[in-house]
Amino acid sequence: MTVIWHNPRCSKSRETLALLHARGIVPEVRLYLEDPPTAAELRAALTALGRPPAALVRRGEPAFRDLGLGTADDATLIAAMAAHPVLIERPLVLHAGRAALGRPPEAVLALFGASSLPEIPRG
């Protein structure tokens, strides 16, 4: 199963979802701002991503500054993202035990063996 942590207000999230659909991939869409991931789900996503919590935090969000997260440890960052999902970088696509951030959107195609996916028609 493929899941996208999606924010429909985010252009990169919309572009990533459209790219997946254009390639015939229909993910489960999780509106993570309305249905925030738990700390355990965040840890699992980070393991699948192969990156530390700092890589999944949106440092430009006012909540990042307001919560004083600049020097926070991993556990604090995970707890903050679970409590304030606006801090989670988007979009995140999870597939077959791996994950990728859609920044740029094409980065998620590596999860699917992008070379075997059909090209998107141009024109």
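As a basis for the values below, the full set of heavy atoms in this structure was taken, side chains included, without hydrogen atoms, waters or symmetry mates. Since the structure is predicted, the reported quantities are computational estimates derived from the model, not experimental observations.
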Are the side chains of Met81 and Leu56 in contact, using a 4.5 Å heavy-atom criterion? yes
Between CG of Leu67 and OG1 of Thr76, what distance do you get to the nearest 0.5 Å? 10.5 Å
Would you say the side chain of Pro27 lies within less than 4.5 Å of the side chain of Val3, judging by non-hydrogen atoms? no
Does one hydrophobic cluster hold both Leu33 and Leu92, with members joined at side-chain heavy-atom distances below 4.5 Å? yes
Between Arg90 (side chain) and Cys10 (backbone), is there a donor-acceptor pair under 3.5 Å? no
Measure the CG-CG distance between Leu77 and Leu42 for me, rounded to the nearest 0.5 Å. 10.5 Å
Please answer whether the main-chain N or O of Thr38 pairs with a side-chain N or O of Glu41 as donor and acceptor at a distance below 3.5 Å. yes
When clusters are formed by joining ILVMFWY residues with side-chain heavy atoms under 4.5 Å apart, either directly or through shared neighbours, do Val93 and Leu31 land in the same one? yes
Linking I/L/V/M/F/W/Y whenever any side-chain heavy atoms sit under 4.5 Å apart, do Leu111 and Val29 land together? yes
Does the pair Glu89/Arg59 count as a salt bridge with the N-to-O cut at 4.0 Å? no
Do other residues, nucleotides or ligands put more than 12 heavy atoms under 6.0 Å from the CZ atom of Arg51? no
Check whether the ring centres of Tyr32 and His6 lie less than 6.0 Å apart, and answer yes or no. no
So His95 and Phe112, side chain to side chain contact (heavy atoms under 4.5 Å, CB included) or not? Walk me through it. CA-CA 8 Å; His95 177 75; Phe112 305 95; 3.4 Å; yes
Between Arg30 (side chain only) and Pro36 (backbone N and O only), is there a donor and an acceptor less than 3.5 Å apart? yes
Do the non-hydrogen side-chain atoms of Leu101 and Pro91 ever get within less than 4.5 Å of each other? no
